[in-house]
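Everything numeric in this text was worked out from a predicted model, so none of it was measured. Residues take their numbers from the sequence shown, with the count starting at 1.
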Amino acid sequence: MAALAPPHVPGEVLDILRRLWSAGHAAYAVGGGVRDALLGRTETDWDVATDARPERLLELFPGSSYTNRFGTVGIGAVEATTFRRDHRYGDHRRPDEVTFTHSLTEDLARRDFTVNAIAWGRQGDSVADRPVDPDWVDPHDGLGDLRARLLRAVGDPTARFDEDALRLLRAARLAAQLDFEIEPGTLAAMRVTAPLVRWVSAERVGAELRRMLAADPPSRGLRILAQTDLLEPLLPELALQRGVAQDKLPGHDVWLHSLATLDAAARLDPGNERLRLAALLHDVGKPTTQADGRFIGHDVEGARLAERLLSRLAFPRPEVGGVAWLVRQHMFRYQPSWSAAAVRRFIRRVGAAHIDDLLKLRQADNEGSGLDADADRTSELRRRIEGELAAGVPLGLGQLAVDGDDLTRELGLPPGPIIGRLLERLLESVVSDPARNTRELLLTDARVWAADMKAAAEVKGEAER
């Protein structure tokens, strides 16, 4: 593996290192930025480790500020941390205290994985000594593990995971992102310490899940969670899918089908996170609706469970609603015999903003079932939908030729629920026949229907008296 030359280090990071060197301080680029630069990956998060104390960093870099209570200083997009050694981790997430040290080796020993414990830099300038060129410090053979594409904990893996339970999720996510194998001792320690993930906040679990799903393939990290007994405490709704048989690919239970659908969704639309989440969760309702080999209502139950799971993981409300809606709608059954009006009703029910994702979800579901993506004529339905949308047919109240004010003024009706009911009925008539979307026809229909509603209300009132 080629050495990391200065041009591979972002200019902002080099500037920080050089200022520290010239001020007489040891300074090194460390962590994920170094790791990914060596792998030829783009990494936005760069960290610097130095013997300069936090107050000295604030002095050398005007405008910098503390980012945590352990003395990390933010310098632009770069975080600079004084060499330190950690002590007891009482909450299995953060050290109870840290002690600064002048030893880079001690600092690297507290890090999570060997590939993140590689440093590039040098000691500071001095009057007596001629500055040396930057070089590597790699006491845990992280470079060797990079070459072997192996994720290994620094030192005792059980101790590393006991210190910070978030490292359990990071191990699964990094292995998936980097396409690395997890070293057997590290993998075994993940199983032993899996119960500690209860100390990880739901927000951090959600953040790691997002990053896991961005991997290629996205199922890789989830398979590791299942392999290491982490799936059940983290995502119990998905853990219930394991062992639930269904009539899909031979040997595939609901869990494996969901993973296959997830990977298919990623291939269909690589940058679409909402689609990946919907693909992962589309059958989450099956375990609790299973009866006699059938899963009646699993779409409704699945939408409820998807909403609960994503809300628990602190996903934004609009995102939660969008994913749950796709899960709720994914069991549609298109037939070529659908009329144009039926296609328009489908668009209206699903919502134009969700149509593309829903059709892709169906295609991914087909592939995850061992079928052709277009097994149920999804492409034909897409063409018909595109035709209706291109024609500009009215599909929402805002596209009607009349509005509530028109009905109030022309029919002499007071504002209230009856106006809303009339507008919905008018829209349904226009969806069935777009040619009816004229002011004159709609007002005529509204007068007739309003009279019918009034008469029905009077009859009901008489009956109640």
Side-chain angles (χ1 to χ4, degrees), residues 274 299-300 303 317-362 376-465:
R274 182 172 76 162
D299 48 352
V300 177
R317 185 64 206 170
E319 192 171 1
V320 172
V323 172
W325 183 243
L326 291 174
V327 173
R328 173 66 181 85
Q329 297 296 326
H330 85 277
M331 288 297 291
F332 71 89
R333 288 289 180 265
Y334 168 69
Q335 298 293 332
S337 58
W338 279 13
S339 65
V343 173
R344 292 192 290 271
R345 290 191 188 96
F346 177 75
I347 300 171
R348 186 183 171 212
R349 184 182 81 243
V350 174
H354 300 288
I355 285 290
D356 185 57
D357 281 349
L358 184 62
L359 297 183
K360 287 176 180 174
L361 177 58
R362 167 53 55 82
D376 47 7
R377 300 176 181 266
T378 307
S379 296
E380 177 183 310
L381 176 58
R382 181 184 294 277
R383 288 192 296 271
R384 296 186 67 182
I385 289 171
E386 289 172 349
E388 295 294 335
L389 293 175
V393 296
L395 296 169
L397 295 177
Q399 295 172 291
L400 288 175
V402 297
D403 59 20
D405 290 340
D406 293 323
L407 298 184
T408 299
R409 183 172 54 253
E410 298 293 333
L411 277 62
L413 294 172
I418 190 172
I419 297 295
R421 291 197 296 271
L422 282 173
L423 287 173
E424 287 292 339
R425 190 167 178 181
L426 290 172
L427 178 58
E428 178 59 29
S429 73
V430 169
V431 169
S432 297
D433 181 6
R436 298 195 64 78
N437 193 31
T438 68
R439 178 180 174 83
E440 294 73 21
L441 284 175
L442 294 183
L443 287 175
T444 298
D445 288 343
R447 288 190 182 95
V448 173
W449 294 337
D452 290 344
M453 291 178 183
K454 182 178 180 182
E458 289 174 352
V459 169
K460 181 180 179 182
E462 288 292 334
E464 291 176 348
R465 284 196 293 269

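Residues passing the salt bridge (charged side-chain N to carboxylate O under 4.0 Å, His left out) test with R317 are E307, sequence neighbours excluded. Residues passing the side chain to side chain donor-acceptor pair (under 3.5 Å) test with D406 are R409, R439, sequence neighbours excluded. Residues satisfying the ring pair (Phe, Tyr, Trp, His ring centres under 6.0 Å) test with Y334, not counting sequence neighbours, are W338.
Of the possible polar contacts, none joining the R377 side chain to the Q335 backbone as a donor-acceptor pair under 3.5 Å is found. The closest donor-acceptor contact from the side chain of R362 to the backbone of F332 lies under 3.5 Å. Looking only at distances, a side-chain donor or acceptor of W325 sits under 3.5 Å from a matching main-chain atom of V350.
In this structure, CG on L426 lies 13.0 Å from CZ on R421, to the nearest 0.5 angstrom. With values rounded to the nearest 0.5 angstrom, R345 atom CZ is found 5.0 Å from E428 atom CD. Here the CG atom belonging to L397 is positioned 10.0 Å from the CG atom belonging to D403, to the nearest 0.5 angstrom. In this structure, L423 CG and L407 CG are separated by 5.0 Å, a value rounded to the nearest 0.5 Å. To the nearest 0.5 angstrom, I419 atom CD1 is 7.0 Å from L411 atom CG.
Each of T378, V327, L326, D356 was evaluated against L361; a single residue qualifies, L326, per the side chain to side chain contact (heavy atoms under 4.5 Å, CB included) test.
Among all heavy-atom pairs drawn from A353 and R274, the shortest one is O-NH2, 3.5 Å. Taking all atoms of both residues into account, the shortest heavy-atom contact from V430 to P394 is CG1-CG, 3.4 Å. The two atoms that bring R328 and A303 nearest to each other are CB-CB, 3.7 Å, heavy atoms only. When all heavy atoms of L400 and L442 are compared, the closest pair comes out as CD2-CD1, 4.2 Å. Across N437 and Q399, no two heavy atoms sit closer than the pair ND2-O, 3.1 Å. Nearest heavy-atom pair, H330 versus L358, reported as atom, atom and distance to 0.1 Å: CA-CD1, 3.8 Å.
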Quiz item: Can you list the steps and then say if K360 with R382 is a side-chain contact (heavy atoms from CB on, under 4.5 Å)?
Solution: CA-CA 10 Å; K360 287 176 180 174; R382 181 184 294 277; 3.9 Å; yes
Quiz prompt | side-chain contact (heavy atoms from CB on, under 4.5 Å) evaluation trace for S379 with R383 | solution = CA-CA 6 Å; S379 296; R383 288 192 296 271; 3.9 Å; yes
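Using a 4.5 Å cut-off on side-chain heavy atoms (C-beta onward), I347 and V431 make no contact. In this structure, R436 and D445 have side chains that are in contact, with non-hydrogen atoms separated by less than 4.5 Å. Looking only at side-chain heavy atoms (C-beta outward), L422 and M453 come within less than 4.5 Å of each other. Considering only heavy atoms from C-beta on, L427 stays 4.5 Å or farther from L395 through its side chain.
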